[in-house]
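Each remark here refers to the structure printed beneath this line.
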Amino acid sequence: MSTEVVLYYRPCESDPTRLYKVAEEAINEFPTRPLLRFIPWFPNDVIKLPLKPKRLPPIISVMRLTKPTLFTNIPVTCEERDLPGDLFNQLMKDDPSTVNGAETLMLGEMLTLPQNFGNIFLGETFSSYISVHNDSNQIVKDILVKADLQTSSQRLNLSASNATVAELKSDCCIDDVIHHEVKEIGTHILVCAVSYTTQSGEKMYFRKFFKFQVLKPLDVKTKFYNAESDLSSVTDEVFLEAQIQNITTSPMFMEKVSLEPSMMYNVVELNTVKQVGEGVSTFGSRTYLQPMDTRQYLYCLKPKPEFAEKAGIIKGVTVIGKLDIVWKTNLGERGRLQTSQLQRMAPGYGDVRLSLEAIPDTVNLEEPFHITCKITNCSSERTMDLVLEMCNTNSIHWCGVSGRQLGKLNPSSSLYLALTLLSSVQGLQSVSGLRLTDTFLKRTYEYDDIAQVCVVSSTIQVEG
């Protein structure tokens with residue numbers, strides 16, 4: 001360390017040698033000490049010290065338990081007329097990692113042990129091996145090993161046993177295997193804590209932290225489609241389309257994708273087709289989902305009869321159910337994911353709802369045909385006095401008296417109405433022109449495009 005000295009003097013001091021002596025005498029009055037010699041703790045030529053202290057605490061090791069993967073090789077081939085000739089093909093045949101007779105396939109018969117911690121995905125089971133080894137030459141007592149998993153929202157105890165081990169001899173270890181089904185994405189921290197007592201009675205404690213990320217394996221998107229059936233047995237059908245995308249880097253075997261409906265609905269899966277009396281999956285017998293591929297599943301939900309009869313129940317936001325997805329990766333490692341409750345906004349029908357209960361698919365030109373309508377008072381408090389008016393269109397003509405009284409309709413109740421009409425134009429025609437008027441409020445409700453019917457010439461035989 002150097003010291004800088006600044007000397008101030010009067011102009012009358014003309015001898016510079018005397019000023020130097022004055023400054024030297026002033027510096028000597030300050031105390032000084034010699035610098036300490038640095039002696040490294042690691043082995044060196046000056047002094048030999050052990051790399052480790054004589055008394056070591058137990059060492060804790062953590063290893064993730066996961067299955068190996070199939071070894072993949074990159075095939076290199078060429079045509080026989082190329083310069084290498086049959087050299088590349090012969091090298092692949094001699095390679096022990098290739099499959100005999102299928103050397104050009106990337107998939108081999110050998111297994112590869114995990115080289116790193118790997119990725120952990122939501123829905124999988126995280127398994128880990130914990131080992132506490134006594135590297136010292138002394139016996140430690142009252143050893144307690146505790147493993148906790150810290151997530152963004154909670155802290156979980158994963159230890160299989162919280163019992164204290166009486167003693168741990170030198171070069172011995174305590175082993176434990178923990179399992180946990182991962183249900184949250186984001187940062188996870190595995191906290192391993194060890195407490196023990198030395199031979200001298202001193203209580204010791206230390207912890208180690210192992211941090212890892214949990215990723216999302218699937219991207220699930222849902223769409224709802226509302227439909228009204230023309231049959232009297234079912235109404236208010238809801239179609240659910242679920243788009244499932246594999247966003248991992250390895251293929252998945254989709255073991256099960258099902259919809260668990262809420263208490264208000266029954267569900268019918270539309271992902272199979274009938275062949276020889278048996279249901280066959282529309283995705284084939286091998287339901288593999290490659291990385292970044294998307295698959296669409298379709299379900300039809302129908303309200304249960306006790307809920308469908310009550311018009312005021314299925315309104316606004318209703319809970320449909322939740323998707324249950326089970327898959328397998330690599331060598332059969334299973335993963336499971338359940339979505340939160342899916343909700344949809346039920347269509348609003350206003351105060352009065354008109355739906356068709358029966359209508360033919362095909363009718364003859366200029367010949368009367370019959371339909372059955374259902375009129376429902378969706379109000380839960382008010383009684384309505386309804387009048388029916390029928391307005392003709394360019395192609396549809398109503399048969400009957402327009403402006404007739406339908407009578408009073410109590411809250412949440414329905415009435416059925418049989419109507420007759422005919423079409424004067426061929427082709428696919430839309431049924432329109434019904435008007436309902438509430439005489440109490442002087443309010444008119446218009447219903448157009450309530451159904452479509454195919455009109456053919458009377459010379460064509462209509463199949464019954």
Side-chain angles (χ1 to χ4, degrees), residues 60-72 107 111-132 145-163 173-194 207-220 242 244-260 286-293 295 297 321-341:
I60 186 168
S61 302
V62 176
M63 180 177 63
R64 182 191 175 191
L65 297 180
T66 181
K67 293 184 178 180
T69 57
L70 291 172
F71 178 77
T72 58
L107 194 61
L111 298 177
T112 304
L113 294 177
Q115 303 299 315
N116 48 40
F117 194 80
N119 294 325
I120 301 178
F121 294 99
L122 181 68
E124 294 183 344
T125 299
F126 170 69
S127 301
S128 182
Y129 167 75
I130 300 176
S131 177
V132 178
V145 182
K146 187 177 180 182
D148 292 342
L149 186 63
Q150 179 69 52
T151 68
S152 59
S153 62
Q154 57 183 337
R155 185 172 183 134
L156 304 171
N157 182 19
L158 304 183
S159 301
S161 174
N162 292 323
C173 60
I174 301 173
D175 301 327
D176 190 13
V177 177
I178 59 175
H179 303 279
H180 174 67
E181 183 179 353
V182 182
K183 299 181 179 179
E184 296 183 36
I185 61 174
T187 303
H188 287 57
I189 302 176
L190 181 62
V191 184
C192 299
V194 179
R207 292 187 301 174
K208 274 195 173 183
F209 302 89
F210 303 89
K211 185 178 180 181
F212 60 92
Q213 295 287 334
V214 175
L215 308 176
K216 187 171 68 169
L218 299 172
D219 187 17
V220 181
I244 300 177
Q245 183 182 21
N246 176 11
I247 57 177
T248 67
T249 57
S250 59
M252 289 183 178
F253 173 76
M254 306 304 293
E255 183 175 319
K256 184 183 73 169
V257 180
S258 62
L259 176 64
E260 298 179 0
R286 300 175 181 175
T287 56
Y288 288 99
L289 192 60
Q290 297 296 331
M292 304 311 296
D293 280 1
R295 183 170 293 170
Y297 294 84
K322 56 185 177 181
L323 287 170
D324 187 12
I325 307 171
V326 181
W327 70 90
K328 290 182 179 178
T329 58
N330 291 338
L331 299 180
E333 293 180 296
R334 184 187 297 267
R336 182 180 181 184
L337 184 64
Q338 276 192 335
T339 64
S340 56
Q341 291 288 349

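Side chains are part of it too, since the values below use all heavy atoms of this structure and drop only hydrogens, waters and symmetry mates.
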Q. Quick one: CG on L323 to OG on S340, what's the gap to the nearest 0.5 Å?
A. 9.5 Å

Q: Kindly compute the distance separating CG (D176) from CG (L158), expressed to the nearest 0.5 Å.
A: 9.5 Å

Q) What's the shortest heavy-atom distance between F121 and V214, and which atoms? A) C-CG1, 4.0 Å

Q: Determine whether I120 and V182 make a side-chain contact, defined as any pair of heavy atoms from C-beta on separated by less than 4.5 Å.
A: yes

Q.
Rounded to the nearest 0.5 Å, what separates atom CG in D148 from atom CG in L190?
A. 8.5 Å

Q) Got a sec, which residues hit salt bridge (charged side-chain N to carboxylate O under 4.0 Å, His left out) with D175, two or more places apart in sequence or on another chain? A) none

Q) Residues two or more places apart in sequence or in another chain: which of them pass ring pair (Phe, Tyr, Trp, His ring centres under 6.0 Å) with F126? A) F212

(Q) Please enumerate all residues that pass side-chain hydrogen bond (donor to acceptor under 3.5 Å, both in side chains) together with R64, with sequence neighbours excluded. (A) none

**Q.** Partner set under side-chain hydrogen bond (donor to acceptor under 3.5 Å, both in side chains) for T187, not counting sequence neighbours
**A.** Q213

(Q) side-chain contact (heavy atoms from CB on, under 4.5 Å), that's the test. Do M254 and K256 meet it? Break it down for me. (A) CA-CA 6 Å; M254 306 304 293; K256 184 183 73 169; over 6 Å; no

Q.
So, using ring pair (Phe, Tyr, Trp, His ring centres under 6.0 Å) as the criterion, who are the partners of F210 when residues are at least two apart?
A. none

Q | Set of residues satisfying salt bridge (charged side-chain N to carboxylate O under 4.0 Å, His left out) with respect to K183, sequence neighbours excluded | A | none

Q) For E184, which residues count as a salt bridge (charged side-chain N to carboxylate O under 4.0 Å, His left out) partner, sequence neighbours excluded? A) none

Q) What are the two closest heavy atoms between G123 and W327, and how far apart are they? A) CA-CH2, 4.4 Å

Q.
For a 4.5 angstrom cut-off between non-hydrogen side-chain atoms, does L215 reach L122?
A. no

Q) Atom OG in S128, atom CG in L65: separation rounded to 0.5 Å? A) 6.0 Å

Q: Tell me, please, which residues at least two apart from S127 pass side-chain hydrogen bond (donor to acceptor under 3.5 Å, both in side chains).
A: H179

**Q.** Residue pairs fulfilling salt bridge (Lys or Arg N to Asp or Glu O under 4.0 Å) with at least one residue in residues 246-255, sequence neighbours excluded
**A.** E255-K328, E255-R334

Q) Considering all heavy atoms of both residues, which atom of C173 and which atom of S131 are nearest to each other, and what is their separation? A) CB-OG, 3.9 Å

Q) Considering residues at least two apart in sequence or located in another chain, which fulfil the salt bridge (charged side-chain N to carboxylate O under 4.0 Å, His left out) criterion with R336? A) D324

Q: State the NE2-CG distance between H188 and L149, to the nearest 0.5 angstrom.
A: 5.5 Å

Q: Output all residues satisfying ring pair (Phe, Tyr, Trp, His ring centres under 6.0 Å) with F253, sequence neighbours left out; order by chain, then residue number.
A: Y288

Q) Do the side chains of M252 and L218 get nearer than 4.5 Å, heavy atoms only? A) yes

Q. Rounded to the nearest 0.5 Å, what separation is found between the NE2 atom of H180 and the CD atom of E124?
A. 12.5 Å

Q | Considering all heavy atoms, the nearest C192-V62 contact | A | SG-CG2, 3.8 Å

Q) Side chain of T151, backbone of Q154: donor and acceptor closer than 3.5 Å? A) yes

Q) Can you list the residues that meet the side chain to side chain contact (heavy atoms under 4.5 Å, CB included) rule with Q341, with sequence neighbours excluded? A) V319, K322

